Structure formats: structure tokens, C-alpha cells
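Here is the structure we will look at, set down as C-alpha cells.
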Amino acid sequence: MSISPREIGSDLVSIRRTTHSPGITLVVAGAMIGVLTGAPWIFPASFVTVLMNFFILVSMATMWNLMAGYAGMVSIGQQAFVGLGGYATLYFALKGMSPYVAIPFSALTCALIAIPVTYLLFRLRGGYFSIATWVVADTAGIIIGTIALFGGGTGRPVPGFTNFSPTQITNFAYLSCWFVALVVIAGTYLLLRSRLGLVLSSVRDNEISARSSGVKVTSARRTVFIIAAAGCGAAGAVLAIAQPYVQVSNEFNIQWAAEMLFVSMIGGLGTVEGPIIGCVIFFALQQSLQSYGAWYLIIFGSLAVTIAIWQPRGLWGAFRDKFHIELLPVGYWTRSKKQ
Amino acid sequence: MIWFNLIIQGILVGGFYALFACGLSLMFGVMRVINLAHGDMAVVAGYVAVMLTPHFHIPMLWSFLVVVPLFGLVGYLVQRTLIQKSIDRDPFTTLLVTFGLSVVIENALLQLYTANAQTISIGSILYKSWHPASIIYISYQSLVVLAIAVVVLASLQLFLSKTGTGRQIRAVADDQEAAQLSGTNYRHIFGVAAAISFATVALAGIAYGMTTQFAPTSGGINLLFAFEAVVIGGIGSLWGTLVGGIALGIAQQIGSHINPQYTLLGGNVLFLIVLAIRPQGLFGKKSSL
């Protein structure tokens, strides 16, 4: 692990990290960031609400995909950190901090809580790890629900919005959701292009050979778990701001874990684009089947099961393999130099 | 006397948890699959008992005669199709697929039968309880469930150790490739294990429906209890699961004695303590982790 890719690149092989398409991505992304930042002033209010929920789920799903798709950890307890993030925001707001300022602090709180949690959870593997994450989420929810300051099981409205007009509150809530999603996606992308990303790819491809090459697998997994906790905490914080009300049964709902899992699987595990595309499909389905109750979840879940068995790389993975297009490339292409 | 009562009640609930958990434990032991839809299968069994048995003109108490074999068949079929397909991919896929199934089942039940709670009415003597001392009440119903759990575990143990199929199941669990080389059709054996798992969880689901109310979303919390019982008792040990279930039951009773809100917390805390101190569980072997 002491040889950096660049050193290899200088001598024998040439290394490219991008194709032509990222150039196009950059232009399109710039335009999209502009439009999405101005969304509250461009689109009707109902669509802005959908966008808000979309960005909350995108942030969560990107974090879940980082854990499952890159570090091989299937968590069905990420709602623990969604809830803790929301309640941390409530706590900071009750102590007089602006809820918007509280977002990064809530994320940090979740990261700090995640550190000791990993020492318990990492004793189990595979499915047992998964259900243990759920036990942790369940325990966290019960404990939060008994704290009188947080309103017990019935929850409590988030204070700190009295200085703003209703329009401002809506617009700021939207911008919080959008910026958190932007930071989460950009952060994940940069992380995967870093040394840790390389380590994670090697573990994902072959854990035994990665270990024998000296990769510290457990500490890489721990880092990812902590980052995912922070990301989900930030998503929980903006969820609390968007409502603006926190309640145990909503924030600690296992439905969050189900949605994170489904959108990542349908879009494509182990790709940065996958969860985003999965979210687009999820919200398109939810909006068009709005009047049919829970049917969108039944259809979406069946789709996810089908894809997991017959198309495990997801829709984006299949598309990418067929057309060789990468919008957000994180890998390397090597080619031997002609002597 | 209060503490004695807590322990008695804990043991009675623990029997139910063990009945619930033995199928989960068996499926993990044999094919390394954690069926995250395990709890939901119990709820489906409850709904089948409530919704279908009136059509067969049999009392609900005897619904298990229809439901349990039916679920054995369903288990075999689900294993040979969906779950086997995901095992062929990798262990990771089995988690995703069974969790997906769980969410689909819950929402389908919600859509078909609404969120209203259901119960399996049995009437008669089982609702009475035995009252041996001042504050100790032992309901006949919990006693029957505990007895059923012990009988099921004992027959399962006998089946695994004495019969040919049982020996094949253990052989596949120990070393799948060696069993295959000796002529065992491991896919069929996986199917049989899943059939047993589904049949026992159907029985547990009916027992649950007789004891308390259930709703489409009741599956999740029961999976959690079953899983805690398995880990506390030790992965891969059937009698360990019974002890784990009882320990979980007692921990929950102690939690609820301190504050009714802490019922589930008591179980979770015991689980986390076991995880921290003895991750292989009370009766588990370290290698099985």
C-alpha cells in the first residue's frame, strides 16, 4: 500500500480517471445546481415540497449505498441516526441555537455516537450485523421517547423560526435539504476518489486479498460507518427542519431504512449515480400512485427484489455497462504505454 | 415474591420467543440465510387463520391443522425459488431480498386488511389462569404455548439426530460440499429446512394471535425478539434458543417492573450486554460467528 497510483502511472502504464462524459456532466451539473438553488422561486410550492423529500431521501440513500455498496455493510438501522440527528437539532434549537446552524453540529453528534456503537456492532457479521443495527435503532428510539425535555413519545415542535416569515421558513427548509444533499453527494464522490475509496473498492472486490495486501479492512469499515452516521444525522436534521416537528415514531421509523435500501438497489448498488436515479423512480412512482395508498411501496419493493436477483448492478449499473458512460467516475482506467 | 413472579412470567413469555426463534436459527444454521421476513410470515399465518378458517368450518383453535402444513409447503416453494436464487448470487443478496419481501408483505397486508388489529378467538378454558399464590397468575394459555415450544424443540432435536433427512440436514449445515459429494441434493435439503422453519413460525404466529392482538406491522418487533433470543442463547444451538428466549423474557419483565415503558428496553439492554461480553452467546461456539 506504499505505492501510490501515480507512481505506477509515471513508468509503465498511463492512467485516466475520467472519460469525456464528465466534462459534459460538469456543464450540466453547473446548470442544475443553479436551477435547483433557485427552485423555490421557479417551481410551484407543491413541487418544491416533493423536491425537499427527494433530497432528504437522496442524502440517506447515498449514505446507505456507501455502506452497503462499497463497504459491504447492510444496515437496517440507519433510522437510528436519522432520529438522533433530528433530536440533536431539536436539542440545539431548544438551547437557543438557530436550527440551520445546528445541522452540522447534529451530524457531528451522530458521528460521535457512532464511534462506540461500531465497537459493539462489528462483533457481528452479515445478517446478524444487520439486525443488530436495528436493535440499536430500536433502543435509541425507546430512550429518546422517555426523555421529558423532548416531549416523550408525542414529540415536540422545533423552535427557533419566530424571526422568519412563512415563505422564508419554507424556502430555507428547501435550501437546507438541497445543500445537505449536495454536500453528501459531493463528499461521497470525493471520498470514493480518495485513498479510502481505493481501499473500499479493493475490499468490495476481494476482501481476503485486500487483507493480505495489508488493507486495514475493519478501520476502513469503521470510518465509513461513522461517515454514514453523520450523513444520515444531517438528513434527520433537515427532516426536523422541514416538518418542523420531531416525533419518535416518525424520525426512528424503519420505513427510512426500507426506502434507502430500495432506491439504492433499484438505481444500482456501488455507484454514486444509482441512489439518485433510484430516488427519481421512487418519487415518480409515489406521485403517480398517490391515491392508491401503500401500493407504490408494494410495487417498488417487488421491483427491488426482482432487481436484486436478476440485475444486481441495478438500472444504472446495467445502463453503464451497456453504454460505457460514467457521469461521476471514481475508478481508474489503465493502459500500458508503448515502449 | 415479586421477583419470583417476574421470573415465572419471563419463563412463560420466553417459551413463545423460543418457538418463534427456532425456525430463524435453523435456517441460519443450515443455509446461512437470515430470513428478515420471518416475523412477517408469522403475521401472515395469523391472518390466514383469521380470514380463511371460517371457510373451512373449523374452529380457529384448530386452524393450525390447516395453516401449519400450508406454510411448510410455502416455505419449501419460497426457498426453492426466490431464496435459492439469491443464495446463488451471494449472502448479501439474501438479506436484501428477504428485507424486500418483508416490506412488500407488510404493505400488502395493510392494503388488503387495513391497519386494524386482529385476534384469534379461542374462547373456553384457555383464557383462565392458575393462581397458586397471592400475586402469581399463570395463564393456561401461556403454559400451553410454553409446552408447545418445548415439544417442538424436542421433536426438532429428535428429527435432526435420528432420521435420515435430519442427518442430511446436519451434514449440509456442517459441510455443504462434502454432503454434495456424498450424494445429498442440498437444494432439496435447504427446501426441507425452510419448510420446517416456515411451519414452526406459522405455529408461533397462531399462538401469538391467540395471546394478543396483531396487525400487519407486528412482524418486525417479533423478528427482533426472535433474533435477540437466538443471539443471547448462542447461534446454532436449539436448546440455547430456549434459554435465550427465557432470558429475554425475564429481562423484559424486569424492565417493565422498573417502568412499563422499559419493557423492550430491558430485552435490548440484555442483548447488547451479551454482545459486548460474550458475542457467541450463552451456549454458542466461537467459530459459528
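The sequence lines fix the lettering, A, B, ..., with proteins before strands; numbering per chain opens at 1. All of these numbers come straight from a predicted model, not from anything done at the bench.
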Given that the side chain runs from C-beta out, which part of Val33(B) has a heavy atom under 4.5 Å from chain A: side chain, backbone, both or neither? neither
As an exercise: rank Val305(A), Leu303(A), Ile309(A) by heavy-atom pairs under 4.5 Å with chain B and give me the winner. Ile309(A)
Need one label for Ala308(A): side chain, backbone, both or neither, based on atoms under 4.5 Å from any heavy atom in chain B. both
Name the option with the most non-hydrogen atom pairs under 4.5 Å to chain A; the candidates are Ile105(B), Val103(B), Leu224(B), Thr94(B). Leu224(B)
Give, for atom CG of Leu24(B) and atom CG of Leu36(B), the distance between the pair rounded to the nearest 0.5 Å. 8.5 Å
Where on Val230(B) is there a heavy atom nearer than 4.5 Å to chain A: the side chain, the backbone, both, or neither? side chain
Is chain B contacted by the side chain of Ile131(A), its backbone, both, or neither, given a heavy-atom distance below 4.5 Å? both
Which region of Leu261(A), side chain (C-beta onward) or backbone (N, CA, C, O), has a non-hydrogen atom less than 4.5 Å from a non-hydrogen atom of chain B, or is it both or neither? side chain
Structural part of Tyr292(A) lying under 4.5 Å from a heavy atom of chain B: backbone
Picking from Lys85(B), Arg89(B), Gln261(B), which has the most non-hydrogen pairs under 4.5 angstrom with chain A? Arg89(B)
When only pairs under 4.5 Å are counted, which of Asn107(B), Val104(B), Val269(B) shares the most heavy-atom pairs with chain A? Asn107(B)
If you take all heavy atoms of Cys279(A) and Val58(A), which pair is closest and at what distance? SG-CG2, 3.6 Å
Okay, Ile76(A) and chain B: the region with an atom under 4.5 Å from a heavy atom over there is side chain
Over-ring placement of Arg156(A) relative to Tyr87(A), 6.0 Å and 45° cut-offs: no
Nearest heavy-atom approach of Gly15(B) to Ile246(B) is N-CG1, 4.5 Å
Does any heavy atom of chain A fall under 4.5 Å from the side chain of Leu82(B), the backbone, both, or neither of them? both
Can you tell which of Phe99(B), Tyr262(B), Phe271(B) has the highest number of heavy-atom pairs within less than 4.5 Å of chain A? Phe99(B)
Honestly, the part of Glu228(B) sitting under 4.5 Å from a heavy atom of chain A is side chain
Is it true that Phe282(A) and Phe54(A) have ring centroids separated by less than 6.0 Å? no
Residue selection (most heavy-atom pairs with chain B, distance under 4.5 Å) from Val135(A), Val136(A), Leu121(A): Val135(A)
Do Tyr76(B) and His188(B) make the cut of ring centroids closer than 6.0 angstrom? yes
Under 4.5 Å heavy-atom distance to chain B, tell me which part of Ser130(A) shows up: side chain, backbone, both or neither. side chain
Distance in Å, Thr241(B) OG1 paired with Phe283(B) CZ, rounded so as to fall on 0.5 Å steps: 10.5 Å
Can you confirm whether or not the ring centre of Phe225(B) sits under 6.0 Å from the ring centre of Phe20(B)? no
Presence of salt bridge, Arg170(B) and Asp175(B), under 4.0 angstrom: no
For chain B, find which of Phe300(A), Trp310(A), Trp295(A) contributes the most heavy-atom pairs closer than 4.5 angstrom. Trp295(A)
Check each atom of Leu95(B) against the heavy atoms of chain A and say whether the ones under 4.5 Å are side chain, backbone, both or neither. side chain
Within the 3.5 Å criterion, strictly below it, is a donor on Ser264(A) or Asn65(A) matched to an acceptor on the partner's side chain? no
Looking at every heavy atom in both Gln79(A) and Ala257(A), which two are closest together, and how far apart are they? OE1-CB, 3.5 Å
With a 4.5 angstrom heavy-atom cut-off, could you sort out which part of Leu269(A) is near chain B: side chain, backbone, both or neither? side chain
Student check: side-chain heavy atoms of Ile250(B) and Leu6(B) closer than 4.5 Å: no
Under a 4.5 Å heavy-atom cutoff, which of Asp138(A), Ile143(A), Ile307(A) has the most pairs with chain B? Asp138(A)
